[in-house]
Visitor: 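Let me give you the structure first, and then I'll get to my questions.
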Amino acid sequence: MSDSAARVLIVMAMEAEAEPITAALRLAETTGPSDLPCRWYRGAADHLDVLVAVNGVDARFDVDSIGTVPAALNTYAAIQAFNPDLVISAGTAGAWHRDGSVVGDVFLSGVSFVNHDRRIELRGFDAYGVGSHPGIQTRDLADRLGFKVGIVTTSNSLDETPHDAERIEASGAAVKEMEAAGVAYVAEQAGVPMMAIKAITDLVDDPAPTPQQFIDNLSVATELLAEAVVAVLLELDEETFTST
Ligand code: ADE
């Protein structure tokens, strides 16, 4: 890998989601921040220098550190250390029957990343709460690879309250998860282009409870996510990074 290889940072929340990717790319574990549980894996993927930064296991609760705060901290530390040309938030997510989505769909992110649980009804702060952090254009990439494109909406909850549902409908989001807007906030502050790759484990408007769908479909979605991440990496070029 040349010194001038483009650097791609992939931020992930769960070890189980990351393992098939680090294995497929034969990435080696590298030193992450000493004061966070993050685990980082680095190596060459074709023409790219790739760092997969996993949020890590919470020392007190012994579960993966999901949610926006660990994702933002991990992203900040990884941008400082790795100086990426592109940040990708990769993981599993929910979607909706009403949009024609099915379990196993792979989505690339739309041109903004929004929050649906930051309700701040004060002038100026309402838009700040939603975020609308920029994402790169992924339509061409998605068409070439046969993936869908949708706005990704983030909160720190797996469920969807009636308030969430209203705000999600208003934003036009098609993908619901728990990290991307936190990652996108940091990428925006640092001026680094941002996108997401999300594989669907559950349908929010299905009668089956979301946690059960998530558990039942995690393994299949994780395999599809790994294939999608590798396919995107092979297809990425300079033009994609800068297409805002
Ligand atoms: N991750 C997977 N499915 C999800 C959902 N429905 N909401 C939030 N995060 C998720």
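Counting starts at 1 for both ligands and their atoms, following the listed order.
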Visitor: For Glu160 and Lys176: C-alpha separation, side-chain torsions, deciding distance, then whether salt bridge (charged side-chain N to carboxylate O under 4.0 Å, His left out) applies.
Guide: CA-CA 9 Å; Glu160 183 197 50; Lys176 174 179 178 292; over 6 Å; no
Visitor: Sort out the contact shell of ligand 1: every protein residue with a heavy-atom distance below 4.0 Å, listed by chain and number.
Guide: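 Only Thr92, Ala93, Gly94, Ser157, Leu158, Lys176, Glu177, Met178, Thr201, Asp202, Thr210, Phe214 have heavy atoms that fall under 4.0 Å of ligand 1, ordered by chain and number.
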Visitor: Please find the pair of heavy atoms, one from Asp117 and one from Thr154, that lie closest to each other, and give the distance.
Guide: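 Taking every non-hydrogen atom into account, OD1-O, 4.0 Å.
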Visitor: Starting at CG of Leu141, measure out to CG of Leu108 and round the result to the nearest 0.5 Å.
Guide: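 If I round to the nearest 0.5 Å, the distance is 5.5 Å.
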Visitor: Give the intermediate values and the outcome of side chain to side chain donor-acceptor pair (under 3.5 Å) for residues Ser89 and Lys198.
Guide: CA-CA 8 Å; Ser89 166; Lys198 300 286 165 176; 3.0 Å; yes
Visitor: Of all heavy-atom pairs between Glu17 and Gly91, which one has the smallest distance, and what is that distance?
Guide: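 The pair with the smallest heavy-atom distance is OE1-CA, 3.8 Å.
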Visitor: Please determine which of Asp99, Asp143, Asp105 meets the salt bridge (Lys or Arg N to Asp or Glu O under 4.0 Å) test together with Lys148.
Guide: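 The salt bridge (Lys or Arg N to Asp or Glu O under 4.0 Å) with Lys148 is passed solely by Asp105 among Asp99, Asp143, Asp105.
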